[in-house]
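A quick write-up on the structure given underneath.
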Amino acid sequence: MTNKITGVNGPITGWLDGHTYLIGLMAYPIRHSMSPTMHNNAFAKLGLNYTYLCFEVGNDKLKGAVDAIRTLDMRGSNVSMPNKKEVIQYLDKLSPAAKMCDAVNTIVNDHGVLTGYTTDGIGFVQSLKDEGFDIKGKIMTLTGAGGAATPIAVQSALDGAKEIRMFNIRDKNWPQAEKTVKTIRENTDCKVSLTELSDQEAFKQSIAESDIYCDATSIGMKPFEDKTLVSDPSWFHQDMVVFDTVYSPRTTKLMRVAQEAGVKHVYDGIGMMIDQGAASFKLWTGKEMPTDYIREIIF
Ligand code: NAD
């Protein structure tokens, strides 16, 4: 009889058997995540005997969960809030970018040695490359200083951005913004600055001089869908890139303002999301994620 889920006749071998590699996602809350759907479909498409499962783990259960990666010989895990910084103390090694961001979203287990990586910034840079834009040598204005903006700034600097001009409000993320500026100065040749967003003249001038404006704040997503940090189309020029890290809604207010200005290259955060997953996928499996297929079936 045909299995209703797999369409396979008879018993299934080579998939969820005694040889299956397990990848986790440790965060809380996390049941809403698209990552299991993305990775499991990519494993199935390539015929890889891996499976990806969500585990509701907060800071309180994190040590035990990371120990279990070694004990159960899992291939690795993703980590999300509230564990991205907390997890570092339980790992053996960090990638240069994870060290600079002081945050990890991917763990790889090599025979009991756990290495932490951050792939969000890789996803950002790669998603731009997919559109034919190389961050190398470019000037970027960046709003935000949190979980998305930090790896975006760090990876862009590591990948040769000429200058990054960060703008943020003076809220709880301000010290993180200052740390990011310091680590970029210490570890790369990228010129980097931090300015308060309340200095609107400096913000406007910076965008006018930039090759790319990236918004990595929570403005544009629920409950701020009707808001944008740039509402005047004349601030943009047509040849620049305007990138909103938000992926829901698909077209944000910022993107509409950029389109009204005639900006040719306006992108949402879906490409970054898929490409950060693809970078983790490669670290675990050594294979390229079939990203066009994933985009087609899921997003
Ligand atoms: P976060 O809470 O860590 O950071 C939010 C940032 O927004 C902070 O710098 C904060 O100062 C700023 N901010 C908040 N309110 C503001 C306001 N009124 N005016 C100006 N700035 C304000 O959140 P995060 O995890 O960095 O997420 C930020 C955005 O990035 C979200 O929209 C999220 O959906 C998106 N994101 C996308 C991806 C992707 O793969 N595409 C990955 C992670 C996050």
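Quick note: numbers below take in every heavy atom, side chains included, and nothing from hydrogens, waters or symmetry partners. Remember, predicted model here, so these are calculated numbers, not experimental data. First listed ligand is number 1; within each ligand, the first listed atom is number 1.
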| Criterion side chain to side chain donor-acceptor pair (under 3.5 Å) on Asp120 and Thr118, from CA distance to verdict | CA-CA 6 Å; Asp120 285 321; Thr118 176; 4.7 Å; no
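- Val113 belongs to no multi-residue hydrophobic cluster, having no ILVMFWY side-chain contact under 4.5 Å with any other such residue.
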Could you go through residues 285-299 and list every donor-acceptor pair under 3.5 Å that involves a side-chain atom there, pairing it with any protein atom two or more places apart or in another chain?
{"unit_1": "Thr285", "atom_1": "OG1", "unit_2": "Phe281", "atom_2": "O", "d": "2.8"}
{"unit_1": "Thr285", "atom_1": "OG1", "unit_2": "Lys287", "atom_2": "N", "d": "3.0"}
{"unit_1": "Glu288", "atom_1": "OE2", "unit_2": "Lys282", "atom_2": "NZ", "d": "2.7"}

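- Using a 4.0 Å cut-off between charged side-chain N and carboxylate O, Arg70 and Asp92 make a salt bridge.
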Tabulation required: pairs of a nitrogen or oxygen in ligand 1 and a protein nitrogen or oxygen under 3.5 Å; columns are atom names and distance to 0.1 Å; otherwise 'none'.
{"unit_1": "ligand 1", "atom_1": "3 (O)", "unit_2": "Gly147", "atom_2": "N", "d": "2.9"}
{"unit_1": "ligand 1", "atom_1": "7 (O)", "unit_2": "Ser218", "atom_2": "N", "d": "3.4"}
{"unit_1": "ligand 1", "atom_1": "9 (O)", "unit_2": "Ala145", "atom_2": "N", "d": "2.8"}
{"unit_1": "ligand 1", "atom_1": "9 (O)", "unit_2": "Asn168", "atom_2": "OD1", "d": "3.0"}
{"unit_1": "ligand 1", "atom_1": "11 (O)", "unit_2": "Asn168", "atom_2": "ND2", "d": "3.0"}
{"unit_1": "ligand 1", "atom_1": "11 (O)", "unit_2": "Asp171", "atom_2": "OD1", "d": "3.2"}
{"unit_1": "ligand 1", "atom_1": "11 (O)", "unit_2": "Asp171", "atom_2": "OD2", "d": "2.6"}
{"unit_1": "ligand 1", "atom_1": "26 (O)", "unit_2": "Gly147", "atom_2": "N", "d": "3.0"}
{"unit_1": "ligand 1", "atom_1": "26 (O)", "unit_2": "Ala148", "atom_2": "N", "d": "2.7"}
{"unit_1": "ligand 1", "atom_1": "30 (O)", "unit_2": "Thr245", "atom_2": "OG1", "d": "3.1"}
{"unit_1": "ligand 1", "atom_1": "32 (O)", "unit_2": "Thr217", "atom_2": "O", "d": "3.4"}
{"unit_1": "ligand 1", "atom_1": "40 (O)", "unit_2": "Met273", "atom_2": "N", "d": "3.4"}
{"unit_1": "ligand 1", "atom_1": "41 (N)", "unit_2": "Thr245", "atom_2": "O", "d": "3.1"}
{"unit_1": "ligand 1", "atom_1": "41 (N)", "unit_2": "Gly269", "atom_2": "O", "d": "2.9"}

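- Think of Tyr28 as one node in a network of Ile, Leu, Val, Met, Phe, Trp and Tyr side chains linked at under 4.5 Å; it has no links at all.
- Applying side-chain contact (heavy atoms from CB on, under 4.5 Å) to Ser127 and the options Tyr267, Phe133, Phe243 leaves one that passes, Phe243.
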